[in-house]
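I have placed the structure first, in the form of C-alpha cells, so that the comments after it can refer back to it.
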Amino acid sequence: MPLTSPEGAAAVMRDVLKELDREWVCVVNMDNHLKPVNFNIVSIGSINQSLALIQNILKSGILSNCSNIMLMHNHPSGDNEPSRRTYSSQSAWSRRQNAWI
C-alpha cells in the first residue's frame with residue numbers, strides 16, 4: 001500500500017511506536033511508488049528528545065536502493081503537538097536536502 005498521506009504513514013507505524021517509553025526516530029524507506037520496502041530505527045533517545053544524525057537517517061535508504069524516505073518519531077508523553085525543536089529540525093532538514101539537489 002503506497003504511503004501517500006501523513007495519515008497513511010501514521011497508520012503503518014502506529015503499532016510500532018505507540019507503546020514505547022522513549023523517543024524513537026525511524027525512517028520508512030520506500031520505492032518509486034511510495035510503497036514501504038523496510039524501516040530502520042535511527043535513534044533511541046530519552047523521554048523527550050532523540051538525536052538523529054543525517055548520515056544515519058539516509059544510510060538505510062541508500063543501502064536499500066530506495067528513492068523515497070519518510071522520517072518519523074514518537075512522543076512518549078502522548079502529546080502529539082510538534083515541539084519547537086521538531087519545527088527547527090524540519091527546517092534544518094529541508095535546508096540540507098535543498099543543498100543536495
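Every heavy atom of this structure was used, including side-chain atoms; hydrogens, water molecules and symmetry mates were not.
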Considering only distance and modelled atom types, tabulate donor-acceptor pairs under 3.5 Å from the side chains of residues 54-71, sequence neighbours left out.
from	atom 1	to	atom 2	distance (Å)
Ser60	OG	Asn29	ND2	3.0
Ser64	OG	Asn38	ND2	2.9
Ser64	OG	Ser60	O	2.8
Ser67	OG	Asn32	OD1	2.5
Asn68	ND2	Asp31	O	2.9

- Query: Under a 4.5 Å side-chain heavy-atom rule over Ile, Leu, Val, Met, Phe, Trp and Tyr, are Val37 and Val27 clustered together?
  - Reply: no
- When rounded to the nearest 0.5 Å, the distance separating CE of Met72 from CZ of Arg14 is 9.0 Å
- Task: Could you grab the distance from atom CG of Leu17 to atom CD of Glu19, nearest 0.5 Å is fine?
- Result: 10.5 Å
- Asn74/Glu23 under side chain to side chain contact (heavy atoms under 4.5 Å, CB included): CA gap, chis, key distance, verdict: CA-CA 6 Å; Asn74 66 320; Glu23 191 166 301; 3.8 Å; yes
- side chain to side chain contact (heavy atoms under 4.5 Å, CB included) against Ser5, all qualifying residues, sequence neighbours excluded: Glu7
- State, to 0.1 Å, how close Pro76 and Arg22 come at their nearest heavy-atom pair, and which atoms those are. CG-C, 3.3 Å
- Query: Tracing side-chain links under 4.5 Å among I, L, V, M, F, W and Y, which residues wind up in one group with Leu51?
  - Reply: Leu53
- In terms of hydrophobic clusters joined by side-chain contacts under 4.5 Å, are Ile41 and Leu20 together? yes
- Task: Over all heavy atoms of both residues, which pair between Ser50 and Ser43 is shortest? Give the atoms and the distance, please.
- Result: OG-OG, 2.6 Å
